[in-house]
Amino acid sequence: MRKQSSGQAFRITGARQGLSEDVRGRQRRYVISMAVRTVAVVLTVVLWNVERPVAIATLVLGLTLPYIAVVIANAGRENAPSLPKTFVAGPTRPMLPPGDSDGSAESVPEQSAAGASTPRRDAD
């Protein structure tokens, strides 16, 4: 298992739902919409000679609902939530110890400005 390098552990409550759950939810909404459409079309046929205005309303619902259902089903996944507001702080890394202040640490000698700027040429 990988360690997080940031030192922060976020709670999982802000995570998006899985892709299979998202697809299942879309399919469920589409099937429910098509069931409502089927009921509307059947009511249109039954009520056509009895209650014409209600039959026309159910006819309009039966004609427009497939388009609305497809748009809703293909709308895509929900928006990604922002990072959770709360987090559990992970273990902190220890700081490096301070350098020796007595001057015992060796320093790297610097090259002279003249030697660094002119390349050395060998004799032919």
Side-chain angles (χ1 to χ4, degrees):
M1 207 160 119
R2 288 184 158 178
K3 286 182 164 181
Q4 285 186 335
S5 62
S6 67
Q8 295 178 350
F10 290 97
R11 295 179 190 238
I12 194 69
T13 55
R16 293 168 72 171
Q17 68 181 13
L19 184 59
S20 62
E21 292 175 21
D22 183 55
V23 170
R24 192 175 313 123
R26 288 191 214 186
Q27 289 173 343
R28 187 176 333 120
R29 286 190 300 268
Y30 185 79
V31 167
I32 290 170
S33 298
M34 290 300 104
V36 170
R37 178 187 185 250
T38 303
V39 169
V41 169
V42 169
L43 281 175
T44 300
V45 171
V46 170
L47 296 175
W48 189 256
N49 290 328
V50 179
E51 212 42 59
R52 181 86 35 118
V54 176
I56 291 173
T58 57
L59 178 65
V60 169
L61 180 68
L63 291 174
T64 59
L65 200 56
Y67 174 76
I68 295 169
V70 168
V71 168
I72 290 172
N74 292 330
R77 298 184 76 181
E78 77 274 0
N79 292 334
S82 61
L83 291 177
K85 302 269 188 254
T86 60
F87 66 90
V88 179
T92 59
R93 295 182 180 166
M95 295 177 57
L96 294 174
D100 294 335
S101 61
D102 62 351
S104 63
E106 295 181 24
S107 62
V108 178
E110 296 180 20
Q111 292 181 339
S112 66
S117 63
T118 56
R120 189 174 166 173
R121 297 185 73 194
D122 291 331
D124 290 335

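Values below: every heavy atom of this structure, side chains too, minus hydrogens, waters and symmetry copies.
Legend: residues meeting side-chain hydrogen bond (donor to acceptor under 3.5 Å, both in side chains) with Thr58, ordered by chain and number and at least two apart, are Thr44. Partners of Val31 under the side-chain contact (heavy atoms from CB on, under 4.5 Å) rule, at least two apart in sequence or in another chain, do not exist in this structure.
Among Leu61, Leu59, Val60, Leu65, the single residue meeting the side-chain contact (heavy atoms from CB on, under 4.5 Å) criterion with Leu63 is Leu59.
Closest approach of Pro66 to Arg37, counting heavy atoms only: CG-NE, 3.0 Å.
Rounding to the nearest 0.5 Å gives a distance of 12.0 Å between CZ of Arg26 and CD1 of Ile72. Once rounded to the nearest 0.5 Å, the distance linking CD1 of Ile68 with OH of Tyr30 reads 12.5 Å. Taking CD of Glu51 as the start and CD1 of Ile56 as the end, the distance is 10.5 Å to the nearest 0.5 Å.
Cluster annotation: Val70 is connected to Met34 through the hydrophobic network of ILVMFWY side chains, with a link wherever side-chain heavy atoms come within less than 4.5 Å.
Residues Val50 and Val46 fail the side-chain proximity criterion, which asks for heavy atoms closer than 4.5 Å.
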